Amino acid sequence: MRHGRTKFHAALLQWYDAEARDLPWRRTQDPYCIWLSEIMMQQTRIDQGTPYYERFLKRFPDLQTLAQATEEAVLKQWEGLGYYSRARNLYRTAQILTDQYHGRFPESPEVLQLLPGIGKYTAGAIASIAFGVPVPVLDGNIKRVLARLYALVESIDLPATDKRLWELAAATLNVKRPGDHNQAMMELGARVCIPAGPLCFSCPVQRHCRAFSASLQDTLPHRTPKKVVPHHEMVVAVIANQDAYLIGKRPSQGFLGGLWEFPGDRIQKTEGCEDALRRIGEEMLRLKVVPGGLVAVVRHAYTHFKVTLHVYRCTAVKRRICSDAHTEYRWVTPDSFDQYPFPAGHHKFLKLL
DNA sequence: AACCCGGGGAA
DNA sequence: TTCCCAGGGTT
């Protein structure tokens with residue numbers, strides 16, 4: 001640190017104490033609330049996640065309430081937030097803490113990290129924020145802040161750089177107020193040391209920043225280029241029987257695990273939409289599906305691929321369905337759609353039914 | 001080390 | 001469009 005660690009700490013916390021956003025989990029010391037906020041904000045912008053946090057806490061105000069709920073009720077509250085393994089792991093951890101930890105959170109980051117969904121970042125965040133344990137955290141914001149403060153030219157997403165950044169986070173930590181320091185570093189990254197066009201003119205630690213003194217603030221940090229994601233064409237079969245539609249529950253592990261959906265599949269190169277719909281009937285559902293009219297064409301982006309959904313209304317002979325594509329099937333009417341957690345892509349055409 | 005896992009807002 | 005977000009888990 002160029003002008004001394006103590007002055008850096010003082011400048012950072014003075015700024016934080018004056019400028020910190022009034023976020024709901026900053027009004028409490030309850031480790032349950034801190035934990036929930038940390039899980040919910042993983043790879044999620046504060047503005048996007050905060051309404052979910054408020055709603056979730058109303059529905060599941062404490063650990064016991066959460067542990068006694070069903071996984072599907074938890075997923076319903078998580079619906080639309082993405083990365084649904086977070087919700088399933090949250091639910092599992094609630095039960096582990098209830099069954100094996102007397103319903104209390106461990107304070108040690110090493111023990112916290114044994115719980116599902118809690119990695120090095122979240123363990124450090126809970127330990128430092130809820131319990132005052134002097135441990136660092138490293139998230140996307142702090143990576144960028146440290147890369148600029150120390151003018152790191154290596155790509156920040158390389159494992160070796162990640163190790164170096166954790167060391168810098170530890171060396172930079174303010175052990176007097178670790179929770180506030182960690183939050184201040186994230187706050188700085190989110191509001192001042194932003195990815196494009198950092199607001200160095202209003203940065204409280206500008207004189208400690210090597211990137212600024214070298215005019216590198218707009219070129220750092222470096223990042224390795226991302227791979228291009230494939231684009232798939234899919235059909236979705238909205239199979240109607242009277243006023244009910246067939247939906248299936250996806251297997252709990254894996255992509256969109258535990259969510260409900262209309263049956264669908266990739267369109268293969270040799271077939272058209274209607275061929276694919278009939279194939280879904282034969283191979284997935286063991287059901288004779290008769291394709292009807294096109295309901296919608298929906299585009300949606302996931303982490304590692306993009307899809308275009310061709311949604312078709314279909315009819316079928318109602319029979320016993322046997323399939324391993326889903327763990328359960330139900331015929332439901334549109335007025336009960338809101339009982340089921342669906343992927344966000346489905347909500348782009350659900351209201352049309 | 002590489003890959004998998006969502007969704008949305010800002011530029 | 002692309003980028004990136006209070007990351008974690010699996011192989």
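No experiment lies behind these values; they were computed from the predicted model shown. To find a chain, count down the sequence lines: A is the first, B the second, and so on, and within it residues start at 1.
The side chain of Tyr121(A) sits closest to dG8(C) out of dG8(C), dC4(C), dC3(B). When distances run from any side-chain atom of Phe255(A) to the nucleotides dC5(B), dC4(C), dA6(C), the shortest one goes to dC5(B). The side chain of Pro343(A) approaches dG7(B) more closely than any other nucleotide in the set dG6(B), dA6(C), dG7(B). Closest contact between the side chain of Pro195(A) and the listed nucleotides dC4(C), dG6(B), dA6(C) involves dC4(C). Side-chain proximity of Tyr302(A) to dA6(C), dA1(B), dG7(B): nearest is dG7(B). For Gln183(A), the listed nucleotide lying nearest its side chain is dA6(C); candidates were dA6(C), dG8(C), dG7(B). Of all nucleotides listed (dC3(B), dG7(B), dC5(B)), dC5(B) comes nearest to the side chain of Tyr83(A). Relative to the side chain of Asp139(A), the nucleotides dG7(C), dT1(C), dG6(B) differ in distance, and dG7(C) lies closest. Listed nucleotides: dG7(B), dT1(C), dA6(C). Nearest to the side chain of Arg299(A): dT1(C).
Residue Ile142(A) is out of contact with every strand shown, counting any heavy-atom pair closer than 4.0 Å. Counting non-hydrogen atoms under 4.0 angstrom, Trp78(A) reaches nothing in the nucleic acid. If you check every strand for non-hydrogen atoms under 4.0 Å, Gly49(A) touches nothing. Among the atoms of the strands shown, base atoms are found under 4.0 Å from some heavy atom of Leu81(A). The residue Ala196(A) sits apart from the nucleic acid: no heavy atom pair falls under 4.0 Å. Counting any heavy atom pair closer than 4.0 Å across all strands shown, Lys143(A) reaches no nucleic acid atom. Leu23(A) comes within contact range of at least one nucleobase, with a heavy-atom separation under 4.0 Å. Within the nucleic acid shown, Thr122(A) comes within 4.0 Å of sugar-phosphate atoms alone, with no base atom in reach, counting heavy atoms only.
A cation-pi contact, defined as under 6.0 Å to the ring centre and within 45° of the axis, is absent between Arg86(A) and Tyr83(A).
One cannot find a donor-acceptor pair under 3.5 Å joining the base of dA6(C) and the side-chain atoms of Arg21(A). With hydrogens and angles ignored, a donor-acceptor pair under 3.5 angstrom links the side chain of Arg45(A) to the base of dC4(C). Scanning atom types as modelled, no donor and acceptor separated by under 3.5 angstrom connect the side chain of Ser85(A) and the base of dG9(C).
Between the CG atom of Leu158(A) and the C1' atom of dA1(B) there is a distance of 10 Å, rounded to whole Å. Look at CE on Met40(A): it is 16 Å from P on dG8(C), rounded to the nearest Å. Following rounding to the nearest Å, Gln253(A) (CD) and dT11(C) (C1') show an atom-to-atom distance of 16 Å. One atom, NZ of Lys306(A), and another, C1' of dG7(B), lie 14 Å apart when rounded to the nearest Å. Atom NE2 in His181(A) sits roughly 14 Å away from atom C1' in dA6(C) (whole-Å rounding). A straight line from CZ of Arg250(A) to C1' of dG6(B) spans 12 Å, rounded to a whole angstrom. Rounded to whole angstrom, the span from the CG atom of Asp47(A) across to the P atom of dC4(C) amounts to 18 Å. For the pair Leu115(A) CG and dG9(C) P, the computed distance is 10 Å after rounding to whole Å.
Ranked by how close their nearest DNA chain B nucleotide is to the 5' end, Phe305(A) and Lys348(A) are led by Phe305(A). Comparing Lys226(A) and Gln42(A) by the nucleotide of DNA chain C that holds the closest heavy atom to each, the one mapping nearer the 5' end is Lys226(A).
For the residue pair Thr333(A) and Asp243(A), no side-chain donor N or O sits within less than 3.5 Å of a side-chain acceptor on the partner. Counting only N and O atoms by type, the side chains of Glu233(A) and His310(A) include a donor and acceptor under 3.5 Å apart.
The separation of dC3(B) from dA6(C), taken at their P atoms, amounts to 26 Å, rounded to a whole angstrom. Remark: the separation of the P atoms in dT11(C) and dG6(B) is 16 Å, to the nearest Å.
OP1 and OP2 of dC4(B) both lie 4.0 Å or more from every side-chain N or O belonging to His304(A). Between Arg144(A) and dC5(C) there is a side-chain polar atom (N or O) within less than 4.0 angstrom of OP1 or OP2. Contact annotation: His300(A) side-chain N/O to dG7(B) OP1/OP2 distance is under 4.0 Å.
Glu54(A) CD: more than 12 foreign heavy atoms inside a 6.0 Å radius.
Looking at Asp338(A) and Lys76(A), no side-chain N of the basic residue comes within less than 4.0 Å of a carboxylate O on the acidic one, giving no salt bridge. Remark: Asp17(A) engages Arg177(A) in a salt bridge, criterion side-chain N to carboxylate O under 4.0 Å. Between Arg278(A) and Glu283(A) there is no salt bridge, since no side-chain N of the basic residue sits under 4.0 Å from a carboxylate O of the acidic one. The pair Arg27(A)-Asp22(A) meets the salt-bridge criterion, since a charged nitrogen lies less than 4.0 angstrom from a carboxylate oxygen.
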